[in-house]
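All ligand and atom numbering here is 1-based and tracks the order in the structure. Along the sequence shown, residues carry numbers from 1. Values reported hereafter were calculated over all heavy atoms of this structure, with side chains retained and with hydrogens, waters and symmetry mates removed.
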Amino acid sequence: MRVISIVGARPQFIKLAPVAEAFAGGRHEHRVIHTGQHYDVRLSDVFFEELGVPDPDWNLGIGSGSHGQQTGLILQALERVLEEERPDWVLVYGDTNSTLAGALAAVKLHLSTAHLEAGLRSLNRRMPEEHNRVLTDHAADLLLAPTAAAVEHLHREGLGHRTALVGDVMADVLFRVRDAVATDGSPLPDGVDDARDYVVATIHRAENTDDHARLSALVRCLAELPLPVLLLVHPRLSARADAFGISLDVGAIQPMLPQPYGSMVAVVAKSRAVVTDSGGLQKEAFLLEVPCTTLRHETEWPETLEEQWNVLAGDFENLPAIVTRRRPPPVAAEPFGNGKAAEAVIQALETYGTAG
Ligand code: UD1
């Protein structure tokens with residue numbers, strides 16, 4: 001079986017790591033196309049190096065642009081590459097413009113297409129990620145769902161017959177890196193003092209970054225938190241804050257560059273709380289047992305809300321009290337799988353490949 005993974009943005013490089021590892025040395029051929037959606041070293045190369053993912057076989061170098069332009073350019077460039085490669089399976093990941101373009105390019109060439117992280121829904125139709133994930137699920141031939149809730153969504157949309165529950169590959173990589181960090185004591189980034197309580201924050205969703213008034217209010221609320229706030233600044237946030245003339249270096253906020261994965265896991269594991277609009281970070285906080293506050297009105301990961309390990313704060317009201325709430329009791333369930341999702345992905349491709 002020849003499989004091609006299409007990735008383009010930071011969370012996809014992290015999800016690719018356990019999949020590439022599971023394929024390595026096995027009997028299947030696995031190749032990787034990087035669309036170039038994320039091109040900063042800190043958002044891209046660093047993850048390949050650190051997580052031991054072989055360099056991509058193709059880099060389309062598409063870069064930034066409006067949604068239509070970025071998606072269209074990736075689609076156009078992929079068509080040529082996929083025509084040449086003609087793999088048995090095309091694997092697309094998550095909910096970015098690279099995901100949608102990858103699924104479209106593949107199905108139009110009648111290539112079997114699998115969507116990893118299928119079935120997630122925010123039910124917020126204004127989010128670009130929601131457009132991408134719904135359209136990708138309806139286009140793909142095989143839907144690899146990370147959670148039981150995702151499977152339910154797919155059944156409700158009439159896609160149950162193409163669905164397989166495989167678990168969450170993000171848990172695979174998190175467990176591996178968490179254990180490595182615990183044994184080799186990965187140093188914390190410069191300026192982080194774990195002798196004092198601190199909060200880790202990230203903001204990058206268009207709904208939070210692209211509206212001047214909302215971004216100002218959000219930065220003000222973070223600046224007023226009663227603990228130091230390590231804000232890992234995504235390029236989208238930095239670009240919008242600059243354009244709006246909003247300083248990120250105010251009050252409790254300590255702006256920092258985006259971190260490599262091991263350093264991120266180390267810094268989150270030692271934090272008092274996480275404040276974020278990232279999907280991945282909500283789960284990482286949950287799995288590392290750090291209380292999380294999500295700066296949105298909804299989440300694709302409702303499992304994290306159990307016992308208030310994650311609390312939605314889309315209107316930023318009472319943020320200091322919510323962020324510094326007491327640690328909830330531990331949760332016994334393992335809603336994101338046991339760390340072996342990547343192997344289940346390969347098994348599902350084998351099963352559906354031979355059946356098709
Ligand atoms: C994208 C995904 C989102 C994912 C996120 C993870 C879409 C619609 N969104 O959002 O689902 O959660 O990645 O980070 O696909 N930029 C740089 N350097 C880079 C990449 C981006 O400076 O390496 C800047 C550019 O100004 C660009 C902006 O960030 O315009 C936004 O980048 P974009 O590719 O639209 O996606 P993200 O906001 O990162």
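- Salt bridge present: E350 and R27 bring a charged side-chain N and a carboxylate O closer than 4.0 Å.
- Interface atoms of ligand 1 facing H234, defined by a heavy-atom separation under 4.0 Å, are 14 (O), 37 (P), 38 (O), 39 (O).
- Listed by atom number, the atoms of ligand 1 under 4.0 Å from P11 heavy atoms are 6 (C).
- Protein heavy atom nearest atom 27 (C) of ligand 1, with residue, atom name and distance: S64 OG, 3.4 Å.
- If you run side-chain contact (heavy atoms from CB on, under 4.5 Å) between N310 and each of P302, P291, C292, P328, only C292 comes through.
- When only non-hydrogen protein atoms are considered, atom 3 (C) of ligand 1 lies nearest to E129 OE2, 3.4 Å.
- Ion pairing between D277 and R205 fails under the 4.0 Å rule for side-chain N and carboxylate O.
- Among H38, R10, E130, R133, the residue whose heavy atom lies closest to atom 14 (O) of ligand 1 is H38.
- The proximity of S44 to ligand 1, defined as any non-hydrogen pair under 4.0 Å, does not occur for either the backbone or the side chain.
- For atom 8 (C) of ligand 1, the closest non-hydrogen atom on the protein side is N97 OD1, 3.4 Å.
- Looking at atom 33 (P) of ligand 1, its nearest protein heavy atom turns out to be Q37 NE2, 4.0 Å.
- Ring-plane geometry between H234 and H38 is classed as perpendicular, the angle between the planes exceeding 60 degrees on a 0 to 90 degree scale with a lower cut at 30.
- The protein atom (non-hydrogen) at minimum distance from atom 24 (C) of ligand 1 is P235 CB, 3.8 Å.
- For R42, the closest heavy-atom approach to ligand 1 does not fall below 4.0 Å.
- For the residue pair Q12 and T99, a side-chain donor N or O sits within less than 3.5 Å of a side-chain acceptor on the partner.
- Residue contacts with ligand 1, taken as heavy atom pairs separated by less than 4.0 Å, involve L43 solely via side-chain atoms from C-beta onward.
- Side-chain contact check for S64 and Y39: at least one donor-acceptor pair (N or O, by modelled atom type) lies under 3.5 Å.
- Remark: the S122 side chain and the E298 side chain contain no N/O donor-acceptor pair separated by less than 3.5 Å.
- A salt bridge links R2 with E29; the closest basic N to acidic carboxylate O contact falls under 4.0 Å.
- Atom 12 (O) of ligand 1 has H204 NE2, 3.1 Å as its closest protein atom, hydrogens excluded (heavy atom only).
- Shortest contact from atom 2 (C) of ligand 1 to any protein heavy atom: T96 CG2, 3.7 Å.
- Between H34 and F13, the ring-plane angle classifies as tilted under the 30° and 60° cut-offs.
- Residue contacts with ligand 1: N132 is placed with no nitrogen or oxygen under 3.5 Å of a nitrogen or oxygen of the ligand (distance criterion only).
- Remark: minimum distance from atom 35 (O) of ligand 1 to any protein heavy atom is reached at R236 NH2, 3.4 Å.
- Ion pairing between a basic and an acidic side chain is recognised when a charged N comes within 4.0 Å of a carboxylate O; R162 and D137 show no such pairing.
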